[in-house]
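Please read the structure below before turning to the comments.
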Amino acid sequence: MDYETVMKLALERGFYFPSCEVYADAQAGFWEYGPTGVGLKNKFLQLWRRELIRRDGMLEIDGSQIMSKSVFEASGHLGNFADPIIKCSKCNSTFRADKTIAEITKIEIPESADLIEFDNAISQNNIKCQKCKGDFEKTKNFNMMFKVGIGPEEEEAYLRPETCQSIFVDFPRLYKTMRGKLPLGIAQVGKSFRNEIAPRQSLLRLREFYQAEIEVFCNPTKLDVVEKFEEIQDVIIRIQTDSEPVVITCKEGLESGVIPNKFVAYYLGILTEFYEKTGIDVTKSRFRKLGEKEKAFYAEVAFDFEVETTIGWLELVACNYRSDYDLTSHATKSKEKFEIMDGDEKVLPHVFEISMGIDRSLYTILEHSLRDDKEHERIVLSLKPYLSPTHVGILSLVKKDGLKEKTDQIHLNIKRKFDAFLDHSGAIGRRYRRLDEIGAPFAVTVDHQTLEDDTITIRKRDSMEQTRINISELDSILSESIAFP
RNA sequence: GCGGAGUUAGUUUAGUCUGGUAUGACGUCAGCUUCCCAAGCUGAAGUUCACGGGUUCAAAUCCCGUACUCCGCACCA
């Protein structure tokens with residue numbers, strides 16, 4: 001289904017909508033999750049915990065969103081997470097300084113260079129605005145981090161641009177107190193903040209967004225000692241290096257050298273298995289190996305997990321081999337010890353990161369799950385039952401003759417255990433349609449026969465089939481059907 | 001940020017050129033009816049027309065500014 005239809009559903013059915021929308025000064029790039037969106041997000045994260053955190057025995061933490069300046073001096077974000085930009089004084093167009101200079105003069109100035117170097121290059125080569133021939137103002141640094149002032153003195157701090165910095169900073173304590181052993185995954189779900197120049201397309205390009213990040217700490221000399229590798233060696237992945245993506249198993253990817261080692265292969269494998277279970281069509285996915293220029297400043301090897309949607313390929317996860325970049329920088333800056341013992345060996349661990357964009361993943365789940373059932377004139381959100389915000393609709397065929405009371409009773413009995421939605425009003429078909437649109441996999445209906453023999457009908461969302469069951473069976477049928485795989 | 005196009009109820013939309021306080025559909029709510037797939041009937045609520053300013057006796061409509069959305073450019077850890 002296309003972006004427009006997903007957007008309309010999101011607005012009409014409470015998945016997500018713009019923040020602060022009643023005010024004229026609402027800024028772009030901020031969106032709220034409504035009740036159905038939160039339901040989906042919570043269940044998505046539950047699946048993430050099952051398939052990655054628990055499966056691999058990782059630790060999960062919940063760190064601060066505001067972090068001190070030193071953290072980002074060490075991480076490199078204050079220096080590298082900024083673009084040198086130049087603005088035309090005549091037409092107000094903004095350009096990247098380094099790119100504009102390189103384009104016109106072939107002089108390559110690194111983006112982290114002193115700003116005066118850009119100004120010099122511009123004046124020496126008489127570079128003018130490519131649009132209107134106007135003069136440029138002085139080069140400025142545009143940092144993508146939000147700065148905040150702490151306390152009455154407004155001490156400098158920043159909203160984190162990625163959640164993982166707390167994981168690196170906390171690593172020494174966690175390793176010691178949680179009896180860590182390499183390889184050790186530490187994970188975190190939370191908000192990150194980036195001051196994007198042009199946020200766009202609702203959940204796909206936000207200024208405040210959710211990440212689910214995993215940092216796996218490992219001994220760099222043992223990257224091919226991974227016992228669990230067998231679990232995923234036959235998992236099929238699509239991997240793209242230069243040209244077309246190839247469809248291979250993890251084992252083949254490792255043997256052909258496309259994947260650098262067993263360690264990385266294992267995590268690409270379990271990540272793929274996770275996404276299969278979200279209902280995203282993984283035959284439309286690829287791991288794209290990034291070239292030198294595309295990689296983040298801290299990455300040694302990088303694979304982006306991308307999925308094809310109606311608006312093109314969308315990056316859902318960044319998998320970066322960050323080596324000891326982060327631990328070394330934090331050790332140097334803080335003068336704390338980040339080495340640990342791995343057996344008899346003293347080692348500064350390397351890090352492989354699985355940095356997942358939650359918002360983009362949720363959008364993709366919606367887009368891949370939504371279908372237009374023309375035959376029955378309905379829109380159906382065919383979510384996996386365990387991800388559905390509402391598990392079951394509890395409906396009375398009509399309100400009178402005691403059916404309402406009977407229905408209320410059934411709802412009362414199951415509402416703590418399941419996400420159940422009680423509905424008495426309107427035509428029954430209309431109520432079924434509404435449940436279809438929010439992806440409720442089941443609807444049970446109380447009719448006149450219920451009063452005689454305690455049976456109800458249970459309707460399946462995708463097939464619209466109905467079967468008659470005894471009320472006493474409902475709990476076990478639902479439990480089984482909505483269980484995580 | 002730049003350029004273009006837009007913004008009227010929960011959604012979709014008429015009206016904007018030619019100024020006279022807004023139209024339909026769907027949806028929502030209540031009731032009746034039907035009694036298992038968006039049926040029908042009756043009734044109701046909901047838009048100070050994105051926001052701010054100007055012109056005018058009078059502005060959804062004309063003018064200016066701002067924000068947001070979409071498309072393209074640029075950017076994208």
Side-chain angles (χ1 to χ4, degrees), chain A residues 3-5 7-14 17-30 34 72 75-77 80-83 85-88 90-96 99-100 103 129-132 140 142-145 160-165 192-202 204-207 209 211 213 290 294-299 302 304 311 315 318 320 322 353 355 357 373 375-379 395-401 403 425-437 443-449 456-457 459 461 464-466 468:
Chain A
Y3 175 84
E4 292 280 312
T5 313
M7 191 67 228
K8 195 177 162 199
L9 179 84
L11 291 172
E12 282 185 339
R13 295 286 176 230
F17 47 87
S19 293
C20 315
E21 61 179 335
V22 301
Y23 285 105
D25 62 351
Q27 294 291 306
F30 300 92
F72 301 111
S75 73
H77 284 91
N80 294 313
F81 205 58
D83 293 333
I85 54 168
I86 43 175
K87 192 174 172 183
C88 171
K90 200 168 150 198
C91 73
N92 278 335
S93 294
T94 309
F95 302 94
R96 279 277 297 259
K99 298 214 168 173
T100 307
E103 216 171 284
C129 175
Q130 287 167 289
K131 269 190 191 160
C132 73
K140 283 187 214 159
F142 176 73
N143 195 293
M144 302 249 296
M145 284 195 294
R160 60 185 181 189
E162 51 178 6
T163 57
C164 60
Q165 289 306 322
S192 289
F193 306 83
R194 292 179 193 178
N195 201 358
E196 295 284 350
I197 298 170
R200 208 167 272 191
Q201 288 171 317
S202 58
L204 305 185
R205 193 93 168 278
L206 294 159
R207 287 187 166 130
F209 59 102
Q211 290 186 303
E213 291 198 298
L290 299 188
E294 280 184 294
K295 287 188 309 193
F297 61 88
Y298 46 67
D304 276 356
I311 49 169
E315 178 194 338
N320 295 306
R322 298 173 77 125
E353 143 182 282
S355 172
D373 181 0
E375 188 191 344
H376 299 104
E377 291 181 71
R378 59 176 193 153
I379 300 276
L395 317 176
S396 50
L397 187 58
V398 292
K399 254 183 272 190
K400 56 188 182 183
D401 304 331
L403 294 188
S425 65
I428 191 76
R430 183 190 302 277
R431 283 178 274 164
Y432 288 145
R433 294 296 187 281
R434 265 196 300 250
L435 289 164
D436 289 340
E437 286 187 19
V444 301
T445 306
V446 170
D447 56 17
H448 288 94
Q449 195 181 327
I456 47 178
T457 60
R459 170 190 183 269
R461 174 195 64 202
M464 298 170 73
E465 277 171 4
Q466 283 184 300
R468 190 164 276 278

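Below, read A as the first sequence line, B as the second, and so on, with proteins coming before strands; counting in each chain starts at 1.
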Would you say Arg207(A)'s side chain and Glu196(A)'s backbone share a donor-acceptor pair under 3.5 angstrom?
-> yes
N/O donor-acceptor pair, side chain Glu196(A) with base C76(B), under 3.5 angstrom | no
Integer angstrom distance from the P of C63(B) to that of U16(B) | 14 Å
Kindly point out which of A39(B), C70(B), C36(B) is positioned nearest to the side chain of Ile428(A)?
-> C36(B)
Provide the distance between the two C1' atoms, one in G27(B) and one in U66(B), to the nearest whole Å.
-> 33 Å
So, Arg431(A) side chain and Ser396(A) main chain: donor-acceptor pair closer than 3.5 Å or not?
-> yes
Using atom P of each nucleotide, how far apart are A58(B) and C2(B) to the nearest Å?
-> 35 Å
With a 3.5 angstrom cut-off on both distances, give the Watson-Crick or G-U wobble partner of G72(B), or none if there isn't one.
-> C2(B)
What nucleic acid atoms does Gln201(A) come within less than 4.0 Å of, heavy atoms only: base, sugar-phosphate, or nothing?
-> sugar-phosphate
So what does Phe72(A) hit on the nucleic acid, given a heavy-atom distance under 4.0 Å: a base, only sugar-phosphate, or nothing?
-> nothing
For Glu21(A) and U8(B), give me the distance from atom CD to atom P, rounded to whole Å.
-> 12 Å
Does the A38(B) base have a donor-acceptor partner in the side chain of Glu437(A) within less than 3.5 Å?
-> yes
Write down the distance separating the P atoms in A67(B) and C29(B), rounded off to the nearest Å.
-> 38 Å
Partner of U7(B) under the Watson-Crick or G-U wobble criteria, both distances under 3.5 Å, comes out as A67(B)
Glycosidic torsion of U47(B) (syn if within 90° of 0, anti otherwise) classifies it as anti
Taking 4.0 angstrom as the limit, do Glu213(A) and Arg322(A) come out as a salt bridge?
-> no
Which listed nucleotide (G27(B), C36(B), C70(B)) is nearest to the side chain of Tyr432(A)?
-> C36(B)
Side chain of Lys400(A) (C-beta onward), nearest among U34(B), G27(B), C36(B) = U34(B)
Roughly how many Å is it from NZ in Lys399(A) to C1' in C32(B), rounded to a whole number?
-> 11 Å
Rounded distance in Å between the C1' positions of U69(B) and A50(B) = 10 Å
Should the heavy atoms of other residues, nucleotides or ligands under 6.0 Å from CD of Glu377(A) be counted, would the total exceed 12?
-> no
Give the rounded distance in Å between these two atoms: CZ of Arg13(A) and P of G27(B).
-> 10 Å
When rounded to the nearest Å, what value does the distance between C1' atoms of G19(B) and U56(B) take?
-> 9 Å
Is a donor-acceptor contact shorter than 3.5 angstrom present between the side chain of Arg430(A) and the base of C37(B)?
-> no
Touch check for Gln27(A), heavy atoms < 4.0 angstrom, all strands: base, sugar-phosphate only, or nothing?
-> sugar-phosphate
Ion pair check, Asp436(A) and Arg459(A), cut-off under 4.0 Å | yes
May I ask you to say what Glu162(A) touches in the nucleic acid, namely base, sugar-phosphate or nothing, with a heavy-atom cut-off under 4.0 Å?
-> nothing
Hunt down the Watson-Crick or G-U wobble partner of U18(B), both distances under 3.5 Å, from any strand shown, or write none.
-> none
Rounded to whole Å, NE2 of His376(A) lies from P of C37(B) at a distance of 11 Å
Hey, does Gln211(A) reach any base, or is it just sugar-phosphate, or nothing, if we go heavy atoms under 4.0 Å?
-> base
Do you know which two heavy atoms are closest between Tyr3(A) and Ser202(A), and how far apart they sit?
-> OH-OG, 3.0 Å
Figure out the CD1/P separation between Ile379(A) and U12(B), and round it to whole Å.
-> 14 Å
Met464(A) or Ile311(A): which one's nearest nucleotide on RNA chain B is closer to the 5' end?
-> Met464(A)
Where do Phe72(A) and Pro161(A) come nearest, in terms of heavy atoms and distance?
-> CE2-CD, 3.3 Å
What's the CZ-P distance between Arg468(A) and C36(B), to the nearest Å?
-> 11 Å
Donor-acceptor contact present, side-chain Asp401(A) to main-chain Leu403(A), <3.5 Å = no
Length of the CG-P vector between Leu11(A) and U7(B), whole Å | 17 Å
Out of C36(B), U28(B), C70(B), minimum distance to the side chain of Asp447(A) belongs to C36(B)
With both distances under 3.5 Å as the test, what is the Watson-Crick or G-U wobble partner of U28(B)?
-> A44(B)
Pick the C1' atom in G24(B) and in C49(B), then give their distance to the nearest Å.
-> 16 Å
Side-chain contact check for Arg205(A): nearest option of C75(B), G10(B), U69(B) is C75(B)
Checking all strands, does Ser355(A) fall into the base, sugar-phosphate, or nothing category for heavy-atom contacts under 4.0 angstrom?
-> nothing
Take atom CG of Leu397(A) and atom C1' of U33(B), then tell me their distance rounded to the nearest Å.
-> 14 Å
Please give the nucleotide sitting opposite U34(B) as a Watson-Crick or G-U wobble pair, both distances under 3.5 Å, or none.
-> none
In whole angstrom, give me the gap between the P atoms of A25(B) and A39(B).
-> 15 Å
Mate of A60(B) where both pairing distances stay under 3.5 Å, Watson-Crick or G-U | none
